[in-house]
Participant: 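This is the structure I want to talk about, given as structure tokens.
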Amino acid sequence: MIRGRPDSIDGLYPERLETFSFHDGRVAASFMVTALTTLIPLCVPFERRKEAARGGATFNGKQKCWMAQRDKLDALLPFVPYRYRPDRKPPYIRPWMVPQALWGFNLRAFLAPEDWNRIRKDAYARAGSRCRVCGGRGPQWPVEADEGWAYDDERRIQTLKGVISLCLDCHSVRHW
């Protein structure tokens, strides 16, 4: 089981269910899977759901997200998580290298709570409450807000580049 995603195995979703067993060295477990499709989760904002449907995406009520065939993404590129985009190469996410003088500071600490809530909720809505890197969701909160910054070490200027939604796993990598 991928944390927070009990019905998926690395972005592959079961289409029909039968027994399949594997052994990871310590724990043997049985899973119900057969024909693994190449469906991937999409980051579709609620107000753009019709556009996603026209592009060939389907809504999976159990997963509560829009899905698409991995080989039919051309019309859906605005909604495709980074790790599945053909125009992106690994690594899809890496830790931020934050200057030491800025450790422990973040945008939330400098804004009024209502302003931070508006910014983070807008980031969540733009991604359909999915992680922009992997398309997943966290086990306790679906996504968290992550700030992207640019640093000019010579002039000592920090510039906010944007705020995106990340699942707990991807956010943990970002702040490793």
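This one's a predicted model, so the numbers in the text were calculated from it and none came from an experiment.
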Participant: Quick check on the hydrophobic clustering: are Phe79 and Val163 connected, directly or via other members, by side-chain heavy-atom contacts under 4.5 Å?
Facilitator: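 Unlinked, Phe79 and Val163 end up in two clusters.
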Participant: Are any non-hydrogen side-chain atoms of Leu102 and Trp149 less than 4.5 angstrom apart?
Facilitator: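 No; the side chains remain at least 4.5 Å from each other.
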Participant: Start with the C-alpha distance between Phe110 and Trp116, add both sets of side-chain angles, then the distance that settles side-chain contact (heavy atoms from CB on, under 4.5 Å), and finish with yes or no.
Facilitator: CA-CA 9 Å; Phe110 295 105; Trp116 172 245; over 6 Å; no
Participant: Please examine the side chains of Arg137 and Cys167, heavy atoms only from C-beta on, and report whether any two atoms are closer than 4.5 Å.
Facilitator: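 Contact flag for Cys167/Arg137 side chains = no.
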Participant: Quick one: do Tyr151 and Trp103 end up in the same hydrophobic cluster if we chain Ile, Leu, Val, Met, Phe, Trp and Tyr together by side-chain heavy atoms under 4.5 Å apart?
Facilitator: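 Yes, one cluster joins them.
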Participant: Quick one: are Arg48 and Pro78 in side-chain contact, heavy atoms under 4.5 Å?
Facilitator: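 Yes, side chains in contact.
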Participant: Would you confirm whether Arg70, through its side chain, and Ile40, through its main-chain N or O, come within 3.5 Å as a donor-acceptor pair?
Facilitator: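 Judged by distance alone, no pair lies under 3.5 Å.
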Participant: Take a 6.0 Å sphere around CG of Asp87 and say whether it holds more than 12 heavy atoms from other residues, nucleotides or ligands.
Facilitator: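 More than 12 heavy atoms, drawn from other residues, nucleotides or ligands, come within 6.0 Å of this atom.
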Participant: Considering all heavy atoms of both residues, which atom of Cys134 and which atom of Pro41 are nearest to each other, and what is their separation?
Facilitator: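 Where Cys134 meets Pro41 most closely, the heavy atoms are O-CG, 4.0 Å.
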Participant: Between Asp122 and Arg118 (side chain of the first, backbone of the second, donor and acceptor by atom type, cut-off under 3.5 Å), is there such a pair?
Facilitator: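 No.
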Participant: Check whether any side-chain N or O of Arg174 sits under 3.5 Å from a backbone N or O of Arg94 as a donor-acceptor pair, and report yes or no.
Facilitator: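 Confirmed, Arg174 side chain pairs with Arg94 backbone.
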Participant: If the condition is salt bridge (charged side-chain N to carboxylate O under 4.0 Å, His left out), which residues does Arg155 pass it with, not counting sequence neighbours?
Facilitator: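 Listed in chain order: Asp152.
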Participant: Measure the acute angle between the ring planes of Trp66 and Phe59, then classify it against the limits of 30° and 60° as parallel, tilted or perpendicular.
Facilitator: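 Ring orientation of Trp66 relative to Phe59: perpendicular.
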Participant: Let me check something: do Leu160 and Leu111 share a hydrophobic cluster, defined by ILVMFWY side-chain heavy atoms less than 4.5 Å apart, either directly or through other members?
Facilitator: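 Same hydrophobic cluster.
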Participant: May I ask you to check if Arg83 and Tyr92 form a cation-pi contact, with NZ or CZ under 6.0 angstrom from the six-membered ring centre and within 45° of the axis?
Facilitator: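 So Arg83 doesn't make the cation-pi contact.
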Participant: Compare all side-chain heavy atoms of Leu76 with those of Leu42 and state whether any distance is below 4.5 angstrom.
Facilitator: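 With C-beta onward as the side chain, the pair touches.
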Participant: Check this for me: does any side-chain nitrogen of one of Glu51 and Arg54 sit under 4.0 Å from a carboxylate oxygen of the other?
Facilitator: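 Result for this pair is no, no salt bridge flagged.
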Participant: Tell me, do Pro81 and Tyr84 make a side-chain contact under 4.5 Å, heavy atoms counted?
Facilitator: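 They are in contact (side-chain heavy atoms under 4.5 Å apart), so the answer is yes.
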Participant: Is the side chain of Arg130 donor-acceptor paired with the backbone N or O of Gly135 at a distance under 3.5 Å, no angle test?
Facilitator: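 Confirmed, Arg130 side chain pairs with Gly135 backbone.
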Participant: What about Tyr82 and Val173, same hydrophobic cluster or not, with Ile/Leu/Val/Met/Phe/Trp/Tyr joined at side-chain heavy-atom distances under 4.5 Å?
Facilitator: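 Result: yes, single cluster for both.
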Participant: Rounded to the nearest 0.5 Å, how far apart are CD1 of Ile93 and CZ of Arg132?
Facilitator: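 Answer for the CD1-CZ pair, Ile93 versus Arg132, is 12.0 Å.
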Participant: Write down the atom of Ala145, the atom of His171, and the distance for their closest heavy-atom approach.
Facilitator: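 The answer is O-CE1, 3.4 Å.
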Participant: May I ask you to check whether over 12 heavy atoms, not counting those of Trp141, lie within 6.0 Å of atom CH2?
Facilitator: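 No - once you tally the heavy atoms of other residues, nucleotides and ligands closer than 6.0 Å, there are 12 at most.
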Participant: Is it the case that more than 12 heavy atoms not belonging to Arg85 sit under 6.0 Å from its CZ atom?
Facilitator: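 For Arg85, atom CZ is crowded (more than 12 foreign heavy atoms under 6.0 Å).
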Participant: Taking all non-hydrogen atoms of both residues into account, name the closest pair between Cys131 and Cys170 and its distance.
Facilitator: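 Residues Cys131 and Cys170, closest heavy atoms: SG-SG, 3.7 Å.
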Participant: Just verifying a value: how many Å separate Leu73 CG and Asp71 CG, rounded to the nearest 0.5 Å?
Facilitator: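 Result: 7.5 Å between the selected atoms.
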Participant: Find the distance between NE2 (His175) and CD (Glu144) and round it off to the nearest 0.5 Å.
Facilitator: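 One finds 8.5 Å between NE2 of His175 and CD of Glu144.
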Participant: Could you tell me whether Arg126 sits above the aromatic face of Tyr124, with NZ or CZ closer than 6.0 angstrom to the six-membered ring centre and within 45 degrees of the axis?
Facilitator: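 No cation-pi geometry.
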Participant: Do the side chains of Leu77 and Pro86 get nearer than 4.5 Å, heavy atoms only?
Facilitator: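 Yes, at least one pair of side-chain atoms sits under 4.5 Å.
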Participant: Between Arg49 and Phe46 (side chain of the first, backbone of the second, donor and acceptor by atom type, cut-off under 3.5 Å), is there such a pair?
Facilitator: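 Side chain of Arg49 to backbone of Phe46, a donor-acceptor pair under 3.5 Å: yes, one is there.
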Participant: Between the main-chain N or O of Leu107 and the side-chain N or O of Glu147, is there a donor-acceptor pair closer than 3.5 Å?
Facilitator: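 Present.
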Participant: CD1/Ile164 to CZ/Arg120 distance, rounded to the nearest 0.5 angstrom?
Facilitator: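 Result: 15.5 Å between the selected atoms.
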